[in-house]
**Student:** 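Handing you a structure now.
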Amino acid sequence: MPELPEVEVTRLSFAQGIAGSRVVCVRMGKALRWPLGCPVSELVGRVVRAVRRRGKYLLIDLDQGLLLLHLGMSGRLSFAEHLAPAGAHDHFEMKTTQGTLRLTDPRRFGAVVFADSDSAPIAQKLLGKLGMEPLSDDFDLSRFHAGLKRRKSSIKEVLLAGDVVVGVGNIYACEVLFLAGIRPTRSAAGLGRGRIAKLHAAIRDVLARAVASGGSTLRDFSSAKGESGYFQLEAMVYGRAGQACRVCATPIESIRQGQRSTFFCPHCQKS
DNA sequence: AAAAGCCCCTGGATGC
DNA sequence: TGCATCCAGGGGCTTT
């Protein structure tokens, strides 16, 4: 479900509300991707300072240590003073003095992991190799260029890998490559400066607009307040195999790259 | 170092 | 209606 815009919108929807609260109790359901890494009792009484984001991870800063939270494919957060009774897919719940934070995640690819600090081994393992933040100033064109130049695999797979730039998932990778007019199978290293500049701009624009408009609802996203997003632009290519390109009416093609679906317009994305 | 595959898990859509 | 198959917005891990 969640790519960078959805994660960021989720963060914005509860960061203020939870900051300054104190943890009252924590309840775990079925196992998520990794164990929490500390006894739940150790979290009780700690103060929630702030919520940051790095890539698709949310970092919940406590007065001592932090929680790394990932939504995986199907995760969703809720934060409210009173939540409905926990259901079968609610696998993490943290009650605080200002409301309860709940992770609902049917597929359980998501995770909640405790780390002593940003430099703790577990935090380094999960965050250490992440690429540039596309919406921050460190997403610099020269560094993007340099990152792509040493990668022989396809540009689509490099975007998805997240070690050059983070946050671009399968939907946005397809959309951004369409906007930049780049064939997803093109080798990253083979792209010229001009096309890389265009791609760089497309990534910033699309992600920023998606955050500004409350996250994409290309499927079923909703923030931790339960507000559903409304991505103002419809998908140009994602999920549109066989349908007419919105620009040139050529049928959109679908292929597999690295076990994921890719959609593109063979005419608008000639090379 | 980088690339390619595998796998974790459940639910919804589709097809017979 | 029932059952099998395929697909899904992620990403760490192992093997080449």
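Here the structure is a predicted model, which means the values were calculated and not measured. Order of the sequence lines sets the chain letters (A, B, ...), proteins ahead of strands, with each chain counted from 1.
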**Student:** Output yes when at least one side-chain N/O atom of A/K152 is less than 4.0 Å from OP1 or OP2 of B/dA1, else no.
**Tutor:**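 No, outside the criterion.
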**Student:** Give a yes/no answer on whether the side chain of A/K129 brings an N or O atom under 4.0 Å of OP1 or OP2 in C/dG11.
**Tutor:**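 No.
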**Student:** Considering just the side-chain nitrogens and oxygens of A/Y172, establish if one lies under 4.0 Å of OP1 or OP2 belonging to C/dG10.
**Tutor:**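 For C/dG10, neither OP1 nor OP2 has a side-chain N or O of A/Y172 closer than 4.0 Å.
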**Student:** Could you tell me whether the phosphate oxygens of C/dG10, OP1 or OP2, come under 4.0 Å of any side-chain nitrogen or oxygen in A/K56?
**Tutor:**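 Affirmative; the distance criterion is met.
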**Student:** Closer to the 5' end of DNA chain C via nearest nucleotide, is it A/R107 or A/L126?
**Tutor:**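 Closest to the 5' end, via its nearest nucleotide, is A/R107.
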**Student:** Tell me which nucleotide among C/dC7, B/dA3, C/dG10 gets nearest to the side chain of A/S153.
**Tutor:**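 It is B/dA3.
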**Student:** Between A/E133 and A/R53 (salt bridge meaning N to carboxylate O under 4.0 Å), is one present in this structure?
**Tutor:**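 Salt bridge flag = yes for A/R53 with A/E133.
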**Student:** Given B/dT10, B/dG5, C/dG11, which nucleotide is nearest the side-chain atoms of A/R108?
**Tutor:**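 Nearest listed nucleotide: B/dT10.
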**Student:** With distance as the sole criterion, is a donor-acceptor pair present between the side chains of A/S261 and A/R256 under 3.5 Å?
**Tutor:**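 Yes, side-chain donor-acceptor contact under 3.5 Å.
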**Student:** With a cut-off of less than 4.0 Å, is there a side-chain N or O of A/H89 near OP1 or OP2 of B/dT10?
**Tutor:**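 No, A/H89 has no side-chain N/O under 4.0 Å of OP1/OP2 on B/dT10.
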**Student:** Start at the 5' end of DNA chain B and walk down; is the nucleotide closest to A/R150 or to A/Q259 reached first?
**Tutor:**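 Its nearest nucleotide being more 5', the pick is A/R150.
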**Student:** What contact category does A/R33 fall into here, base, sugar-phosphate, or nothing, at under 4.0 angstrom with non-hydrogen atoms?
**Tutor:**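 Base contact.
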**Student:** Select one nucleotide: of B/dG11, C/dA8, C/dC13, the one nearest the side-chain heavy atoms of A/K125.
**Tutor:**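 Closest nucleotide to the A/K125 side chain: C/dC13.
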**Student:** Salt-bridged, A/R54 to A/D118, with N to O below 4.0 Å?
**Tutor:**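 Result for this pair is no, no salt bridge flagged.
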**Student:** So, does the side chain of A/R151 form a donor-acceptor pair with the base of B/dA3 at under 3.5 Å?
**Tutor:**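 Under the 3.5 Å cut-off, the side chain and the base do not form any donor-acceptor pair.
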**Student:** In whole Å, what is the span from the CZ atom of A/R260 to the P atom of C/dC7?
**Tutor:**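 From A/R260 CZ to C/dC7 P: 13 Å.
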**Student:** For A/F109 and C/dG10, say yes or no: do the ring centres fall under 5.5 Å of each other while the ring planes differ by less than 30°?
**Tutor:**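 Here A/F109 meets both the 5.5 Å and the 30° conditions.
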**Student:** The side chain of A/E157 lies closest to which of these nucleotides: B/dA4, C/dG10, B/dT10?
**Tutor:**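 Nearest listed nucleotide: B/dA4.
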**Student:** Are any of the side-chain heavy atoms of A/D90 and A/L83 separated by less than 4.5 Å?
**Tutor:**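 With C-beta onward as the side chain, the pair stays apart.
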**Student:** Over 60° means perpendicular and under 30° means parallel, so classify the ring planes of A/F14 and A/F79, tilted if in between.
**Tutor:**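 If you compare the ring of A/F79 with that of A/F14, the planes turn out tilted.
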**Student:** Rounded to whole angstroms, how far apart are CG on A/L160 and P on B/dG5?
**Tutor:**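 Going from CG in A/L160 over to P in B/dG5 covers 15 Å.
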**Student:** Look through every strand shown and name the nucleotide pairing with C/dC13 as Watson-Crick or G-U wobble, where both distances are under 3.5 Å.
**Tutor:**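 C/dC13 is paired, partner B/dG5.
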**Student:** Look at the side-chain N and O atoms of A/S74 and state whether any lies under 4.0 Å from the OP1 or OP2 oxygen of B/dT10.
**Tutor:**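 A/S74 to B/dT10 OP1/OP2: no side-chain N or O under 4.0 Å.
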**Student:** Want to settle it: does A/G258 or A/D163 sit nearer the 5' end of DNA chain B, counting the closest nucleotide to each?
**Tutor:**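 Its nucleotide being nearer the 5' end, the pick is A/D163.
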**Student:** Rounded to whole Å, please give me the gap between CG in A/L32 and C1' in C/dG11.
**Tutor:**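 Going from A/L32 (CG) to C/dG11 (C1'), I get 15 Å.
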